[in-house]
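These notes are about the structure you will find just below.
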Amino acid sequence: ALIGKTHGSGGEDLVLQYVVNNSLREHPVLTKLRLRTLQDQWSIMMVSSDQAQFMANLIRLINATKAIEIGMYTGYNALSMALAMPENGRVVACEIQDSYINIAKPFFKEAGVQNKIDIQHQTAMKTLSKCLCISHSRRTHTKRRRTVVTTSCLDCDGKVVNPAPSDQTSQSLDALNKKLHKDQRIDLSMLTVGDGLTLAIKR
Ligand SMILES: C[S@@+](CC[C@H](N)C(=O)[O-])C[C@H]1O[C@@H](n2cnc3c(N)ncnc32)[C@H](O)[C@@H]1O
């Protein structure tokens with residue numbers, strides 16, 4: 001089965017199939033988690049494996065020791081990032097649905113990274129306000145580190161390209177993409193991997 005996904009041609013995308021066949025290196029526990037997640041009726045929400053691998057490599061590249069996962073679902077991306085981090089690395093992962101958290105937990109344990117993932121069963125707003133508040137108060141004491149914010153930018157079916165007036169999700173995503181494009185405080189890249197990935201790098 002095709003592991004990557006795109007907004008459009010999906011399983012018929014031979015180039016994507018080639019990319020996945022020739023670059024994916026999936027940890028065995030990630031494979032198990034992916035197969036478990038595919039049994040869920042909302043598995044379309046899962047991050048694509050090639051996108052998660054890219055984010056893990058980004059973590060290695062900038063030696064990140066902190067990541068915040070907003071909406072972890074069954075935890076594929078959170079686990080992938082935790083595996084890419086050193087022992088002192090921490091992924092704060094929030095999720096509002098406890099059924100998804102319950103799926104994720106045994107896989108985090110099996111991969112031996114449960115101590116690196118701080119699961120927060122609460123809304124993104126609560127997690128973000130807590131994390132950003134802490135990082136702001138620490139900024140005066142520590143050396144400035146590179147901050148990379150990544151967001152999903154295309155949604156899984158590409159509706160953001162021409163969002164219907166009634167489609168609030170795609171309208172909001174489109175508004176965010178346009179806002180980031182104008183924001184001179186960041187360097188920006190929008191990638192078409194998975195459901196689309198924006199890299200916003202604080203200047
Ligand atoms: C697209 S899925 C995320 C996929 C996930 N990153 C992965 O690795 O497969 C979005 C998730 O966000 C959760 N969610 C939605 N609204 C939320 C909120 N306000 N706060 C926290 N989580 C939320 C949903 O329950 C869902 O599990």
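Whatever order the structure lists them in is the order used to number ligands and atoms, beginning at 1. Excluded from the calculations below are hydrogen atoms, water molecules and symmetry mates; all remaining heavy atoms, backbone and side chain alike, are included.
Looking at Cys94 and Ile70, their side chains come closer than 4.5 Å, going by heavy atoms from C-beta outward.
Residue pairs meeting the side-chain hydrogen bond (donor to acceptor under 3.5 Å, both in side chains) criterion with at least one partner in residues 100-119, sequence neighbours excluded, are Lys32-Glu110, Asp118-Gln120.
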Give every pair formed by an N or O atom of ligand 1 and a protein N or O atom closer than 3.5 Å, one pair per line with both atom names and the distance to 0.1 Å, or write none.
unit_1: ligand 1; atom_1: 6 (N); unit_2: Glu69; atom_2: OE2; d: 2.8
unit_1: ligand 1; atom_1: 6 (N); unit_2: Gly71; atom_2: O; d: 3.2
unit_1: ligand 1; atom_1: 8 (O); unit_2: Asn77; atom_2: N; d: 3.0
unit_1: ligand 1; atom_1: 9 (O); unit_2: Val47; atom_2: N; d: 2.9
unit_1: ligand 1; atom_1: 20 (N); unit_2: Ala124; atom_2: N; d: 2.8
unit_1: ligand 1; atom_1: 25 (O); unit_2: Glu95; atom_2: OE2; d: 2.6
unit_1: ligand 1; atom_1: 27 (O); unit_2: Glu95; atom_2: OE1; d: 2.7
unit_1: ligand 1; atom_1: 27 (O); unit_2: Glu95; atom_2: OE2; d: 3.4

* From CA spacing to verdict: side chain to side chain contact (heavy atoms under 4.5 Å, CB included), Val91, Asn77 -> CA-CA 10 Å; Val91 178; Asn77 198 46; over 6 Å; no

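The two atoms that bring Lys159 and Ser170 nearest to each other are CB-OG, 3.6 Å, heavy atoms only.
Residue Lys182 holds its NZ atom at 12.0 Å from CG of Asn177, rounded to the nearest 0.5 Å.
Hydrophobic clustering of Ile, Leu, Val, Met, Phe, Trp and Tyr side chains at less than 4.5 Å, counting indirect connections, keeps Met190 apart from Met55.
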